[in-house]
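Small disclaimer: the values here were computed from a predicted structure and weren't measured. Side chains are part of it too, since the values below use all heavy atoms of this structure and drop only hydrogens, waters and symmetry mates.
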Amino acid sequence: SDKTVSLVENLQQETVRVIEGTSRMGKPVRLNQFFNFASTDFAVILDADVKITSADLIENLLQPMFADEHIMLTSGKEIPLEPRVFFEKIVYTGEKLWDDTKMRVSSTEMYLCEGKIRAFRKQLYKEMRFPDVSADDVYPYLYVRKKHYRFASVPQAVAYYRLPTTFSGYTKQMHRFLQSKDIHTKNFDTATMSENFVITTPVKMQVLLKSLYTNFFLTTLYIGILAFPKILHMIRKGDEHSVWDIISSTKQVV
């Protein structure tokens with residue numbers, strides 16, 4: 001409905017191709033189809049709802065793999081756009097809390113593998129396939145670790161994205177995030193999970209208390225809006241699926 005097909009066709013570039021689907025099948029399924037189709041040395045995946053401001057983004061993303069043939073997967077850095085409405089400011093506070101939490105714990109490499117901006121070496125994307133139900137940001141990293149391959153984070157390759165501007169959109173997004181660990185417990189052994197999901201509740205509480213001290217109002221509101229998705233997650237635990245509800249407000253990145 002966003003005129004992607006007609007816009008690409010109007011480019012009339014032989015090097016640009018659009019593959020049009022007739023139904024939603026979920027991102028993991030479509031990524032697998034793309035990997036089957038691709039034959040290049042590297043495959044770069046960018047989500048549709050990101051804003052790119054650097055012409056060097058793809059070069060930066062691929063540079064670690066040019067330098068080291070053992071690196072199979074790289075990820076750029078996702079940065080939320082400045083909030084435009086009040087609810088978005090509350091969610092933005094939560095994002096800052098999460099960033100602070102990641103910086104307090106060593107061995108948090110998995111949390112640097114971000115789903116909106118990644119590059120795969122051919123060896124990896126030709127052998128790995130996403131399960132139909134998977135949190136596609138975390139799955140490639142856990143696969144790489146299990147196979148004893150290497151991953152590199154590329155913070156200078158930045159993609160900006162829009163946070164949800166409505167409570168409904170935020171609830172849908174948090175439901176996805178909260179299901180991630182449950183989903184991958186089915187795909188990976190206990191040792192792999194415990195080695196990589198290393199952020200604990202005590203660490204989260206330390207960061208939360210600090211934020212309450214420095215920004216009590218917005219932090220309190222964030223705790224309030226977080227309660228409902230948490231409760232919903234407990235009620236719907238085990239109700240994983242490959243096609244997520246669309247969050248329309250996060251698509252407004254321009």
Side-chain angles (χ1 to χ4, degrees), residues 1-11 13 16-40 43-52 73 75-76 78 80-81 87-88 91 95 113-120 124-143 159-188 228-229 232-254:
S1 62
D2 61 0
K3 301 181 181 178
T4 296
V5 176
S6 60
L7 288 170
V8 173
E9 289 175 344
N10 288 337
L11 287 174
Q13 295 281 343
V16 181
R17 179 177 176 182
V18 60
I19 301 173
E20 183 179 8
T22 57
S23 61
R24 293 184 65 215
M25 299 178 68
K27 187 177 176 183
V29 173
R30 295 304 188 188
L31 287 174
N32 288 339
Q33 290 179 337
F34 173 69
F35 290 156
N36 288 334
F37 168 77
S39 60
T40 51
V44 175
I45 306 294
L46 299 174
D47 274 11
D49 52 353
V50 296
K51 182 177 182 179
I52 306 302
L73 173 69
S75 170
E78 303 173 1
L81 293 164
F87 184 85
E88 199 174 355
V91 181
E95 289 297 304
C113 186
E114 315 230 43
K116 294 183 181 296
I117 172 172
R118 290 170 294 181
F120 300 74
L124 176 62
Y125 80 71
K126 281 302 182 185
E127 74 174 60
M128 185 199 77
R129 287 297 175 269
F130 290 96
D132 286 351
V133 178
S134 60
D136 71 274
D137 52 348
V138 175
Y139 184 83
Y141 178 83
L142 293 176
Y143 183 92
Y160 296 91
Y161 68 99
R162 175 66 60 195
L163 293 167
T165 60
T166 65
F167 181 71
S168 172
Y170 174 74
T171 300
K172 292 175 183 177
Q173 186 181 77
M174 282 304 300
H175 181 55
R176 300 180 190 179
F177 295 158
L178 292 171
Q179 281 193 324
S180 176
K181 189 172 182 179
D182 296 338
I183 289 172
H184 291 305
T185 300
K186 301 174 183 178
N187 298 320
F188 297 96
F228 181 75
L232 183 65
H233 171 64
M234 290 187 289
I235 295 173
R236 298 175 61 181
K237 199 175 181 68
D239 181 27
E240 298 95 1
H241 46 81
S242 59
V243 180
W244 299 104
D245 294 333
I246 293 174
I247 307 171
S248 58
S249 64
T250 61
K251 313 303 178 189
Q252 302 167 15
V253 294
V254 178

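The residues Arg118 and Asp137 are annotated as not salt-bridged, no charged nitrogen and carboxylate oxygen being separated by less than 4.0 angstrom.
Take Asp47 and apply the side chain to side chain donor-acceptor pair (under 3.5 Å) test, not counting sequence neighbours, and it matches Lys27. The ring-ring contact (aromatic ring centres under 6.0 Å, His included) check on Phe130 picks up Tyr139, with sequence neighbours excluded. Applying the salt bridge (Lys or Arg N to Asp or Glu O under 4.0 Å) test to Glu127 and every residue at least two apart in sequence or in another chain returns Lys147.
For the pair Ala159 and Ile52, the tightest heavy-atom approach, listed with the atom from each and the gap, is CB-CD1, 4.0 Å. Among all heavy-atom pairs drawn from Cys113 and Leu73, the shortest one is SG-CD2, 3.9 Å. Closest of all the heavy-atom pairs between Lys126 and Ala38 is NZ-O, 2.6 Å. Between Pro28 and Pro131, the shortest heavy-atom distance links the atoms CB-O, 3.4 Å.
Proximity of Val29 to Asp132: side-chain heavy atoms (C-beta onward) are separated by under 4.5 Å at one or more points. Considering only heavy atoms from C-beta on, Tyr161 stays 4.5 Å or farther from Ile117 through its side chain.
Note that the OG1 atom of Thr166 and the NZ atom of Lys172 stand 7.5 Å from one another [nearest 0.5 Å]. Here the straight-line distance linking atom OH of Tyr170 with atom OG1 of Thr165 works out to 14.0 Å at 0.5 Å rounding. Between the CZ atom of Phe120 and the OG1 atom of Thr40 there is a distance of 12.0 Å, given to the nearest 0.5 Å. One finds the CD atom of Gln179 at 10.5 Å from the NE2 atom of His184 (value rounded to the nearest 0.5 Å). The distance from the CZ atom of Phe34 to the CD1 atom of Ile19 is 8.0 Å, given to the nearest 0.5 Å.
The main-chain N or O of Tyr125 is found under 3.5 Å from a side-chain atom of Arg129 such that the two form a donor-acceptor pair. A distance-only check finds a donor-acceptor pair linking the side chain of Glu78 to the backbone of Lys116 [under 3.5 Å]. Remark: the backbone N or O of Ser75 is not paired with any side-chain donor or acceptor of Glu114 at under 3.5 angstrom. Counting only distance, with no hydrogens or angles, the side chain of Lys51 and the backbone of Arg162 share no donor-acceptor pair below 3.5 Å.
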Item checked: Verdict with reasoning, Leu31 to Asp136, per side chain to side chain contact (heavy atoms under 4.5 Å, CB included) -> CA-CA 9 Å; Leu31 287 174; Asp136 71 274; 4.2 Å; yes

Next item on the list: Evaluate the side chain to side chain contact (heavy atoms under 4.5 Å, CB included) criterion for residues Phe228 and Met174: first the C-alpha distance (whole Å), next the side-chain angles of each, then the deciding distance (0.1 Å), finally the verdict.
Entry: CA-CA 10 Å; Phe228 181 75; Met174 282 304 300; over 6 Å; no

